[in-house]
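Below you'll find the structure, written out as structure tokens, and then a few comments.
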There are 2 protein chains.
Amino acid sequence: MTEHRDAEADATEDDFQLSRHDLNAIERAIDEGDGPLLDALLDPVHAADIADLIEQLTPQRRREFLQLYSGEIDGDILTEIDESIREEVIEQLPRAVLAEAVREMDSDDVVDLIEDMEAPEQQAILAALDDSDRAAVEQSLTYPEYSAGRLMQSEVVTAPEHWTVGETIDFLRQEDWLPDQFYHVVLVDPRRHPTGYVTLGKLLASRRHIPLRDITEDSFRTISARQDEGDVAYAFNKYHLISAPVVDDHDRLVGIITIDDAMSVLDEEHEEDFLRMARVSDESHVSDGPLQTARQRLPWLVINLFTASLSALVISRFEATVAQLVILAALMPIVASTGGIAGTQSLAVAVRALATRELTSGNARRVILRELAAGLLNGLGLAVILFLAGTFILGAPMIGVVLGMAMIANQIVAATGGVLVPLGLSRLGLDPALASGTFVTTMTDMMGFFAFLGLATWMLI
Amino acid sequence: MTEHRDAEADATEDDFQLSRHDLNAIERAIDEGDGPLLDALLDPVHAADIADLIEQLTPQRRREFLQLYSGEIDGDILTEIDESIREEVIEQLPRAVLAEAVREMDSDDVVDLIEDMEAPEQQAILAALDDSDRAAVEQSLTYPEYSAGRLMQSEVVTAPEHWTVGETIDFLRQEDWLPDQFYHVVLVDPRRHPTGYVTLGKLLASRRHIPLRDITEDSFRTISARQDEGDVAYAFNKYHLISAPVVDDHDRLVGIITIDDAMSVLDEEHEEDFLRMARVSDESHVSDGPLQTARQRLPWLVINLFTASLSALVISRFEATVAQLVILAALMPIVASTGGIAGTQSLAVAVRALATRELTSGNARRVILRELAAGLLNGLGLAVILFLAGTFILGAPMIGVVLGMAMIANQIVAATGGVLVPLGLSRLGLDPALASGTFVTTMTDMMGFFAFLGLATWMLI
């Protein structure tokens, strides 16, 4: 049965990763210390899949793997390895292998690799680079973390703006360095201000005498090196950019960002929001050990202990009521928890809409009113169900009325709180995904217990 | 104060969107019915920003806007408009404008536009297309929704595999149709099987006599037209693909997918997961009205009403205990709610790890044990805090002991449930983001109340 299930799971899994079968063979080669077999098995495998493999091995096997395979680790593999274990891998690489790997990498990948290292380790890697590559990496590092300046690569293909198609093609044919991947030739004026760009497709399809100026793209826009990388990813996705020149504070070309890097950033930003909403550190990783996992999650659990104590305080005010009518204790979580769900729903929509800039100062008022109305409507709907349940299941219509009224109040608080809290955090310049959930569920818990027990005290006792 | 805040908000908002100032001018032009002014204001604006504008207008202004501006709506704008209001916009467009807009669009954008339409409306749009474009769109529509076949564009630049660089460049210069954006020339054999591709950069940098075969890229991989679009986006991000040829069941080239489309899919898949985890329909949109919003959210609220009733049932079994020691009613939500947070944390990590294929049948056992250990550790940590709080704040050490023991049990259930539930759903072929949250919080609520009240009955009464 287990085998059958594994086979099924693999069928959906193995399109873009190593198959379970290959993985087993590789693990056997590691366990037997068979380096040549390992090399042969990994020869056809994509660098990204080798990086995945390294991440998925147990720490013990990973060490053995690196002893057998470290000579083969190149820039492509190193770039792909997740930050969570990259340091561990680098420490085990022979100096010469590391230096060679780094020399192969584009400047943006080197920056990504060394930006979190201690100064001495950074220096050791920088020393392995050519002068011009080192200068490019050092320039990138002068820009803030998570900025376009860190994301860009300095290798840009440029042409003077007065060139023709023919001149450009001749230049490209002569040039002995060209980036691995490039999609545009950037036109620059004599002071190196980018003034437009031409796609390689247009360059190939146009006759030699055509001036570059006549075939530039409308989509051209430059990005400031200080721009946040999340905004850059947003712009790439929104405007369907393929590459965008990066300029310094004087509008001079300093590098270029390509869409594959923007796509990685978009992916990371989404992952971060997703994990933050669930109150998990965005450093969490499936390869973390139990201690690390526990430590990453504990802070929010402790915070929740305090916010839950606030709810306990609210409930304790109504001990006399609960003592008289113990069924209230059983029913009170219903209002609080349904409020929590509604708050999370409203919150999720607001956080996304802030991230995609669909929720702006221009329509905030309308969205808040929309949430208020939706909360009222759902509160009414749920109240009807609760009234019927109170009447026909519990045989206590008045309890149904109290449940229903508390539910209406809490649904309104949940829906409006779900949009007001992230809006407020965002106005304060804070990440709305980070703390909103705790604020909102604390509100809905306290309101849920207070409204239900308060109304019960007033109407039933 | 309000004005000051708005200015601040705008400063962070307006890099990649219309400024509040421009928006006000546009709204004034709409309200005054000034078509020529509106045209002038929108002339320099990117199609994506015009689409955003249309989405953000109130429904009333949107109608007025479309009356003034519908003649200017082109394929670029139409492609960018969110599905939630696209139908509304299309209905107001004059037939001739719509036909012209559709003729400009790439085949993948036409497919995206018409795939959700009723048959007669689809036919009306298909009729506006050239025969070859129509055939391409109809072929795409034969593939399942959300498949690579729907995402691809049929406009591919190909070359016979025996051509040289010179022959290819001459061919491109003669060709009078070429896609707006293309990044590779795909090599095909006589039966139209793709056998490799060449980047335009290599084509430009190589001498005319070089055979294409000698400068193909290692990154080449084809995608089956039946592949799920989410998997396609995953592959683009993982392997840094820029474009990938799409093949039919006989391995024949039928189209190509470019990275900008893959990036949109990645963005949508993330958004879907984010909203689903929060139990919101992924159709939710900031421009929805209150009724629509309420209706989208009600189903999960009603489901929660039932699951919360299960918790109420658990509590009601302990009414005698609560009646004897009313403070238990105040304390019991602490264990349940902290368990809910822990469950959500574990769940979020597992759902992401499944999406990124970092959690596989190969390491599932290790991750489950890791969660079990992390749950135990955090349970112990929280138990110490609760014991101290029980002793020094409540002056009731035994209540602290009961709280702590219940917390340990519930943290273990939460952490392991958070990974077992999504794993189970994924094995069943269901989306782990969709229903996991409800399962897990129902488990942690019931376990939280049961463990706390059960232990209290046993140890305190």
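- One distance of note links CD1 of A:I334 with OG1 of B:T307; it measures 9.5 Å at 0.5 Å rounding.
- Per-residue counts of heavy-atom pairs under 4.5 Å with chain B were compared for A:D180, A:L328, A:D49, A:L178; the largest is that of A:D49.
- Using a 4.5 Å cut-off between heavy atoms, B:Y183 touches chain A through its side chain atoms alone.
- Of all the listed residues (A:L377, A:V322, A:N237), the one sharing the greatest number of non-hydrogen pairs under 4.5 Å with chain B is A:N237.
- Rounded to the nearest 0.5 angstrom, A:L301 CG and B:Q411 CD are separated by 5.0 Å.
- In plain terms, the two heavy atoms of B:P333 and A:I315 that are nearest each other are CG-CD1, 3.6 Å.
- Listed options A:Y234, A:Y239, A:F449 were ranked by heavy-atom pairs under 4.5 angstrom with chain B; first place goes to A:Y239.
- Minimum heavy-atom separation, B:A373 to A:P290: CB-CB, 3.6 Å.
- By number of non-hydrogen pairs under 4.5 angstrom with chain A, the leading residue of B:L204, B:T258, B:L172 is B:L204.
- Between chain A and the options B:L275, B:L331, B:D82, B:D218, heavy-atom pairs under 4.5 Å are most frequent for B:L275.
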Criterion side chain to side chain contact (heavy atoms under 4.5 Å, CB included) on B:R279 and A:T344, from CA distance to verdict: CA-CA 8 Å; B:R279 288 157 229 185; A:T344 307; over 6 Å; no
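- Side-chain atoms of A:R173 do not come within 3.5 Å of backbone N or O of B:A205 as any donor-acceptor pair.
- Options B:T58, B:L305, B:I169 differ in how many heavy-atom pairs under 4.5 Å they form with chain A, and the most are formed by B:L305.
- Proximity of a side-chain donor or acceptor of B:K238 to a complementary backbone N or O of A:F16 within less than 3.5 Å is detected.
- Most heavy-atom pairs under 4.5 Å with chain B: of the set A:A308, A:A336, A:S311, this distinction falls to A:A308.
- No part of A:S281 comes within reach of chain B, as not one of its non-hydrogen atoms sits under 4.5 angstrom from that chain.
- Contact annotation for B:M263: both backbone and side-chain heavy atoms come within less than 4.5 Å of a heavy atom of chain A.
- Within the 4.5 angstrom heavy-atom criterion, atoms from both the backbone and the side chain of A:D273 approach chain B.
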B:T199 vs A:F182, test: side chain to side chain contact (heavy atoms under 4.5 Å, CB included). Steps then yes/no. CA-CA 9 Å; B:T199 66; A:F182 70 107; over 6 Å; no
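- Residue B:E217 touches chain A through its side chain alone, counting heavy-atom pairs closer than 4.5 Å.
- Side-chain atoms of A:S337 and B:D445 include no donor-acceptor pair closer than 3.5 Å.
- In this structure, chain A has a heavy atom under 4.5 Å from the side chain of B:D52, while its backbone stays farther away.
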Are B:H270 and A:E269 close enough, and set up right, to give a side chain to side chain contact (heavy atoms under 4.5 Å, CB included), and what steps lead you there? CA-CA 10 Å; B:H270 270 295; A:E269 296 265 317; over 6 Å; no
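- Between B:D260 and A:F236 the shortest side-chain heavy-atom distance does not fall below 4.5 Å.
- We find the CG-CG distance between A:N363 and B:L23 to be 9.0 Å, quoted to the nearest 0.5 Å.
- Using a 4.5 Å cut-off between heavy atoms, B:Q296 makes no contact with chain A at all.
- For B:Q181, the part lying near chain A is the side chain, with the backbone staying farther off; criterion is any non-hydrogen pair under 4.5 Å.
- Formation of a donor-acceptor pair under 3.5 Å by the B:R370 side chain with backbone atoms of A:G289 is not found in this model.
- Within the 4.5 Å cutoff, the side chain of A:E80 has heavy atoms near those of the B:H240 side chain.
- Using a 4.5 Å cut-off on side-chain heavy atoms (C-beta onward), B:L382 and A:L298 make contact.
- Note: B:Q17 CD to A:T356 OG1 = 9.5 Å, rounded to the nearest 0.5 Å.
- With a 4.5 Å cut-off on non-hydrogen atoms, B:R317 does not touch chain A at all.
- Of all heavy-atom pairs spanning A:R366 and B:L57, the tightest one is NH2-O, 4.1 Å.
- Between chain B and the options A:V185, A:I303, A:D267, heavy-atom pairs under 4.5 Å are most frequent for A:D267.
- Highest contact tally toward chain A, considering only B:M332, B:Q227, B:E55, B:R207, is held by B:Q227 [criterion: heavy-atom pairs under 4.5 Å].
- From A:T338, atom OG1 reaches atom CG of B:N304 across 4.0 Å, with rounding to the nearest 0.5 Å.
- When each of A:A389, A:S346, A:A364, A:A350 is checked for heavy-atom pairs under 4.5 Å with chain B, A:S346 comes out on top.
- When each of B:R352, B:E175, B:M407 is checked for heavy-atom pairs under 4.5 Å with chain A, B:R352 comes out on top.
- Among all heavy-atom pairs drawn from A:E371 and B:T293, the shortest one is OE2-CG2, 4.3 Å.
- Once rounded to the nearest 0.5 Å, the distance linking CD1 of B:I259 with CD1 of A:I242 reads 7.0 Å.
- Residue A:F274 comes nearest to B:A348 through the heavy atom pair CE2-O, 3.4 Å, listed as atom of the first residue, atom of the second, then distance.
- In this structure, the portion of B:V367 lying under 4.5 Å from any heavy atom of chain A is its side chain and not its backbone.
- In this structure, no portion of B:S224 lies under 4.5 Å from any heavy atom of chain A.
- A distance-only check finds a donor-acceptor pair linking the side chain of A:N378 to the backbone of B:A294 [under 3.5 Å].
- Contacts of B:N24 with chain A are absent, with no heavy-atom separation under 4.5 Å from either backbone or side chain.
- Heavy atoms closer than 4.5 Å to chain A are found in the backbone of B:S206, but not in its side chain.
- The backbone N or O of A:R297 sits less than 3.5 Å from a side-chain atom of B:Q345, completing a donor-acceptor pair.
- Of the two parts of B:L372, neither the backbone nor the side chain holds a non-hydrogen atom closer than 4.5 Å to a non-hydrogen atom of chain A.
- For chain A, the nearby parts of B:A262 are the backbone and the side chain; heavy atoms of each come within less than 4.5 Å.
- In this structure, no portion of B:F318 lies under 4.5 Å from any heavy atom of chain A.
- Here the closest heavy-atom approach between residue B:V326 and residue A:E319 is recorded as CG1-O, 3.5 Å.
- For A:D228, no part sits under 4.5 Å from any heavy atom of chain B, backbone or side chain.
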